[in-house]
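What follows is one structure encoded as structure tokens, with my remarks underneath.
Numbers here are sequence positions counted from 1. Quantities reported herein were computed from a predicted structural model and do not represent experimental measurements.
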Amino acid sequence: MAVRTDIEIARAAEKWPIPRIGAKLGIPEAALIPYGRDKAKLEAAFVAGLAERPMGRLILVTAVNPTPAGEGKTTTTVGLGDALAHLGHRTAICLREASLGPNFGMKGGAAGGGLSQVLPMEDINLHFTGDFHAITAAHNLLSAMIDNHIHWGNALQIDERRIVWRRVMDMNDRALREVVVGLGGAANGYPRQTGFDITVASEVMACLCLAEDLADLEDRLGRIVVAYRRDKTAVTCRDLGAAGAMVVLLKEALQPNLVQTIAHTPAFVHGGPFANIAHGCNSVIATKTALRLADYVVTEAGFGADLGAEKFFDIKCRKAGLQPAAAVIVATVRAMKMHGGALREDLGREDVGAVRRGCANLARHIANTRSFGVPIVVAINAFDADTPAEVAAIVEAAAALGVAAISCRHWAEGGPGAADLARKVVELCDTGARFAPLYPDDMGLFDKIETIARRIYHAEAVTADKAVRAQLAAWEAAGHGSLPICMAKTQYSFSADPELRGAPTGHTIPLREVRLAAGAGFVVAICGEIMTMPGLPRHPAAETIRLDAAGEIEGLF
């Protein structure tokens, strides 16, 4: 029998009316703003009214460094949430929204897989509730107001050579990385070089995902540094008078989105910063709302634990005052083989040796995550081609570090296929975490970068030219020294070289550029060849995404 695709499984699933999903968490129908029958936003007044409720337990799902073989982190997040609900626990899931760029590029979709998906799958992967479009519009409104201010006399004395605010769009388009605007004469503005980032790299996205409410969002937007004067003093969004109008565009986007899994577990899908460029977590407002409505909340952080988990702990939890209760590290036999040197075309053959070598990557992530004081379990996302000996190699590698590794079949079986994992997670939550960030607020900015590089990436050194170091020193002098660091680095390796898999040591992290995200509240450290505007691959997923004769979507996973 042919295996059904994810979209076929999602389309065949029964979807409950969204008020019925909300009722599972005690959300009254009057507090839901419906977007069709199967998705809704939560009213701001209802969310604000939850502020005094105690919070449930927060569980992070992270992973080994991603490989072309696939790890299934979102699938595992959904499967674990469904498993906890299956065991009778009041559970909610918190995920990021999907970006159109990678969906039409490499991924083809980002809503889980098999029987562990969030629904409506097609909507979530496409326009959904329009949040990303609102973020794009708010970001580009600020861009337009910068150039407009200069055109009408430049009262703020912006140095046109030192405008740091670029434009964004939610699509992978390498041709827009560097552009010239303002051509065509004086009526069209002042010609200057600029460029586009992808929307999920926008500081507006980061501000929305870290904001507690509309007032906090407006304050964060106002603090965004958009340019510098000739005397090097900063010009902010507030100076331009743009923050109020941007909040108007973002008013509905800040409200959390409620959907469901195939098993009808409530899921908040809200916000979507990239994890190799931004902080890679869903919104604080969605996470806190879920924690005040459920006993267990399962969330994920993007890419491997070296990026997503580190930023979840050091940025999101630090800024929002969150206390994670447990962490799940997702691994697969296939990924361990690739980290152990196996070629993609050989993944179907048993190779216990490659699995054992690749487990060095898993071991590194276990040690790193443990350093934050959070209890850990490894979820082995099972594939049909896995052999008992290969699975045993992962179990043995984790056990050597005092961590349980549990094989899960949630893709094929849904929540019941991850029931053993759910039981272990509940057990870990009962042991009590001793969470602490990696570094203190008062550590110097470059020292924070070095701390992440040495303790998380196991690098020997960080290299940076005098201009980068001087910029960090200037930000410290301007009062930004207490901000955490958001490392922008390849997701495929602990190093800055995407081809260096496994658990490399002794490498150097080249710090190419730093960007101040004063509104979001962190400093971005851009390392190696990482891009803030991705390009499409030779054969993008868009080539196979289309409507069939019945008007239904094909090719979206």
Taking all heavy atoms of [X] and all of [Y], pick out the closest pair and write down the distance.
X	Y	answer
Ala325	Ala433	O-CB, 3.9 Å
Leu214	Leu254	N-CD2, 3.6 Å
Ala464	Val468	CB-CG1, 4.0 Å
Ala201	Ile277	CB-CG2, 3.4 Å

query = Going by the angle between their ring planes, with limits at 30° and 60°, are His127 and His133 parallel, tilted or perpendicular?
reply = tilted

inquiry  = Can you tell me how the ring of Trp165 sits relative to the ring of His139, calling it parallel under 30°, perpendicular over 60° and tilted otherwise?
reply    = parallel

For atom [atom1] of [X], decide whether the heavy atoms of other residues, nucleotides or ligands shown that lie under 6.0 angstrom number more than 12.
X	atom1	value
Glu460	CD	no
Phe435	CZ	yes
His151	NE2	yes

Hey, could you give me the [atom1]/[atom2] distance between [X] and [Y], rounded to the nearest 0.5 Å?
X	Y	atom1	atom2	result
Ser283	Lys288	OG	NZ	11.0 Å
Thr74	Glu300	OG1	CD	3.5 Å
Thr289	Phe268	OG1	CZ	6.5 Å
Ile526	Cys486	CD1	SG	9.5 Å
Met171	Ser99	CE	OG	7.5 Å
Ile449	Leu511	CD1	CG	5.0 Å

task = Determine, step by step, whether Thr233 and Arg229 satisfy the side-chain hydrogen bond (donor to acceptor under 3.5 Å, both in side chains) criterion, reporting the C-alpha distance in whole Å, the side-chain angles of both residues, the deciding distance to 0.1 Å, and the verdict.
result = CA-CA 5 Å; Thr233 57; Arg229 301 177 180 88; 3.2 Å; yes

Carboxylate-amine/guanidinium contact Asp306 Lys489, below 4.0 Å = yes

ask   = Can we say Arg318 and Asp441 salt-bridge, meaning some charged N sits less than 4.0 Å from an Asp/Glu carboxylate O?
value =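 Yes.
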
request  = Could you list the residues that satisfy salt bridge (Lys or Arg N to Asp or Glu O under 4.0 Å) with Arg292, not counting sequence neighbours?
outcome  = none

request  = For Arg162, enumerate each residue passing the salt bridge (Lys or Arg N to Asp or Glu O under 4.0 Å) test, keeping only those at least two apart in sequence or located in another chain.
outcome  =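 Only Asp159 meet the salt bridge (Lys or Arg N to Asp or Glu O under 4.0 Å) criterion with Arg162.
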
query = Tell me the side chain to side chain donor-acceptor pair (under 3.5 Å) pairs involving residues 174-196, sequence neighbours left out?
reply = Asp147-Arg192, Glu178-Gln193

ask   = Does the side chain of Asp131 come under 3.5 Å of the side chain of Thr129 through a donor N or O and an acceptor N or O?
value = yes

request  = Return yes if some donor-acceptor pair links the side-chain N/O of Thr299 with the main-chain N/O of Cys94 below 3.5 Å, else return no.
outcome  = yes

ask   = Are the side chain of Asn65 and the backbone of Gly502 linked by a donor-acceptor contact shorter than 3.5 Å?
value = no

key: Of Val248, Asp213, Leu250, Val247, the residue whose pairing with Glu218 passes side chain to side chain contact (heavy atoms under 4.5 Å, CB included)   =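 Going through Val248, Asp213, Leu250, Val247 one by one, the side chain to side chain contact (heavy atoms under 4.5 Å, CB included) with Glu218 is satisfied by Val247 alone.
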
task = Mind running side-chain hydrogen bond (donor to acceptor under 3.5 Å, both in side chains) on Ser371 and Asn368 for me, showing each step along the way?
result = CA-CA 5 Å; Ser371 70; Asn368 286 348; 5.4 Å; no

ask   = Centroid-to-centroid, Phe494 to His365, below 6.0 Å?
value =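 Yes; His365 has its ring centre under 6.0 Å from that of Phe494.
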
inquiry  = Pair Thr136, Thr199 - check side-chain hydrogen bond (donor to acceptor under 3.5 Å, both in side chains), show working.
reply    = CA-CA 6 Å; Thr136 301; Thr199 295; 2.8 Å; yes

